[in-house]
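These notes concern the structure reproduced below.
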Amino acid sequence: MIKVLIADDQELIRQSLRIVLDTKEDIQVTDVAADGQEVIRCIRKEMPDVVLMDIRMPKMDGVQCTKIIKENHPEVKIIILTTFDDDEYVYNALKFGASGYLLKGVSMDELAEAIRTVYSGRAMINPDIATKVVKLFSQMAKADYTIQVDEQQEKELTKTEWKIIEQVEYGASNKEVAGNLNLSEGTVRNYLSAILNKLGLRDRTQLAIWAVQTGVSMRKPDHI
């Protein structure tokens with residue numbers, strides 16, 4: 001069962017989404033929130049698997065809320081649901097770790113499928129927004145956007161941690177990493193947290209970028 005938290009400042013939308021999603025056999029709406037601060041309180045009360053979140057909310061918007069959630073609970077997946085497709089929102093929400101970005105015009109079946117997709121560790125981006133995302137990453141590449149990690153920090157990585165980083169480089173989800181390395185998903189999450197701390201990286205996205213840019217699979221220590 002996928003536990004979902006719905007966050008939207010409009011009560012009609014919150015309740016409508018709850019009614020529809022609760023009809024899905026594999027989805028359970030655990031709570032609803034009207035603003036970003038309430039989202040944080042709800043998460044402390046009962047940890048959801050996926051947060052379905054409006055981008056523009058009072059007290060704390062969806063972008064800032066995404067940042068706080070991913071910093072404290074990186075395992076929680078976030079889908080940004082909005083009527084706006086502003087470039088800045090797209091960039092910041094994805095930068096802080098959102099797994100999906102959908103316009104509110106999607107059907108309920110499409111929304112349910114998006115929840116299943118991000119829960120499995122993949123990303124889901126509305127086709128109308130995908131072009132903007134590709135453009136943003138192209139601009140980042142042209143600007144030589146690189147992630148820097150100190151060599152001494154790399155030396156602190158263990159054999160298993162290098163193997164997990166290699167899996168991240170290949171784009172594997174936590175579930176896939178666990179299966180490939182014969183570990184539990186909880187153990188993989190703990191390893192990822194330790195890796196991020198050792199390398200001084202913010203999140204899994206930065207780790208993936210660093211791994212790809214530096215070619216981790218080709219340059220890890222010979223004894224590993």
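Below, each value reflects all heavy atoms present in this structure, side chains not excepted, and no hydrogens, waters or symmetry copies. Keep in mind that this is a model prediction, so the values were computed, not measured.
Here CD1 of Ile80 is found 12.0 Å from CG of Leu103. Values are rounded to the nearest 0.5 Å. Expressed to the nearest 0.5 Å, how far CD of Glu75 lies from CG of Asp49 amounts to 9.0 Å. For the atom pair CD1 (Ile6) and OG (Ser16), the distance works out to 9.5 Å, reported to the nearest 0.5 Å. In this structure, CD on Glu156 lies 9.0 Å from CG on Asp150, to the nearest 0.5 angstrom. Atom CZ of residue Phe96 and atom CD1 of residue Ile69 lie 12.5 Å apart, to the nearest 0.5 angstrom. Note: Leu199 CG to Trp210 CH2 = 5.0 Å, rounded to the nearest 0.5 Å.
Using a 4.5 Å heavy-atom threshold, the side chains of Val188 and Gln167 count as separate. In this structure, Ser99 and Ile79 have side chains that are not in contact, with every pair of non-hydrogen atoms separated by 4.5 Å or more. Residues Val177 and Leu183 have side chains not in contact (no heavy-atom distance under 4.5 Å, counting atoms from C-beta outward). Considering only heavy atoms from C-beta on, Val168 stays 4.5 Å or farther from Ile195 through its side chain. Using a 4.5 Å heavy-atom cutoff, the side chains of Arg14 and Arg18 are not in contact. Here the side chains of Ile13 and Leu81 are not in contact, with every heavy-atom distance at 4.5 Å or above. Taking the side chain as every heavy atom from C-beta outward, Asp61 and Arg56 never approach each other to under 4.5 Å. Counting only heavy atoms from C-beta outward, the side chains of Val51 and Ile43 approach each other to under 4.5 Å.
Nearest heavy atoms, Asp22 versus Val29: OD1-N, 3.1 Å. Contact record, Asn174 with Glu185: O-CG, 4.2 Å, taken as the closest heavy-atom pair. Taking each heavy atom of Met53 and Gly62 in turn, the nearest pair found is CE-O, 3.6 Å. Of all heavy-atom pairs spanning Pro48 and Thr30, the tightest one is CB-OG1, 4.5 Å. Scanning all heavy atoms of the two residues, the minimum distance from Met57 to Asp9 falls at CG-N, 4.3 Å. Across every non-hydrogen atom of Lys77 and Gly121, the tightest pair is CE-CA, 4.1 Å.
Remark: Thr187 pairs with Ser184 by the side chain to side chain donor-acceptor pair (under 3.5 Å) rule, at least two apart or across chains. With sequence neighbours left out, the salt bridge (Lys or Arg N to Asp or Glu O under 4.0 Å) criterion links Lys104 to Asp8, Asp54. Gln153 pairs by the side chain to side chain donor-acceptor pair (under 3.5 Å) definition with nothing, not counting sequence neighbours. Listed by chain and residue number, nothing satisfies the side chain to side chain donor-acceptor pair (under 3.5 Å) test with Asn182 (two or more places apart in sequence, or in another chain). Lys45 pairs by the salt bridge (Lys or Arg N to Asp or Glu O under 4.0 Å) definition with Asp31, not counting sequence neighbours.
Considering Asn180, Leu192, Leu157, Thr158 as possible partners of Ile164, the one that fulfils the side-chain contact (heavy atoms from CB on, under 4.5 Å) test is Leu192.
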Step by step, work out the side-chain contact (heavy atoms from CB on, under 4.5 Å) result for Ile40 and Asn72. CA-CA 10 Å; Ile40 303 302; Asn72 293 279; over 6 Å; no

Applying salt bridge (Lys or Arg N to Asp or Glu O under 4.0 Å) to Glu71 and Lys67, what does each step give before you reach the verdict? CA-CA 6 Å; Glu71 285 176 347; Lys67 182 176 185 293; 2.7 Å; yes

Please walk me through it: do Val20 and Leu111 pass side-chain contact (heavy atoms from CB on, under 4.5 Å)? CA-CA 10 Å; Val20 173; Leu111 182 56; over 6 Å; no

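Side-chain atoms of Lys3 come within 3.5 Å of backbone N or O of Met47 as a donor-acceptor pair.
Connection of Ile115 to Ile19 is not established within any shared hydrophobic cluster, with ILVMFWY side chains joined at heavy-atom distances below 4.5 Å, either directly or through further cluster members.
Counting only residues at least two apart or on different chains, the side-chain hydrogen bond (donor to acceptor under 3.5 Å, both in side chains) pairs with a member in residues 106-119 are Lys24-Asp109, Asp26-Arg116, Ser107-Glu110, Glu113-Arg116.
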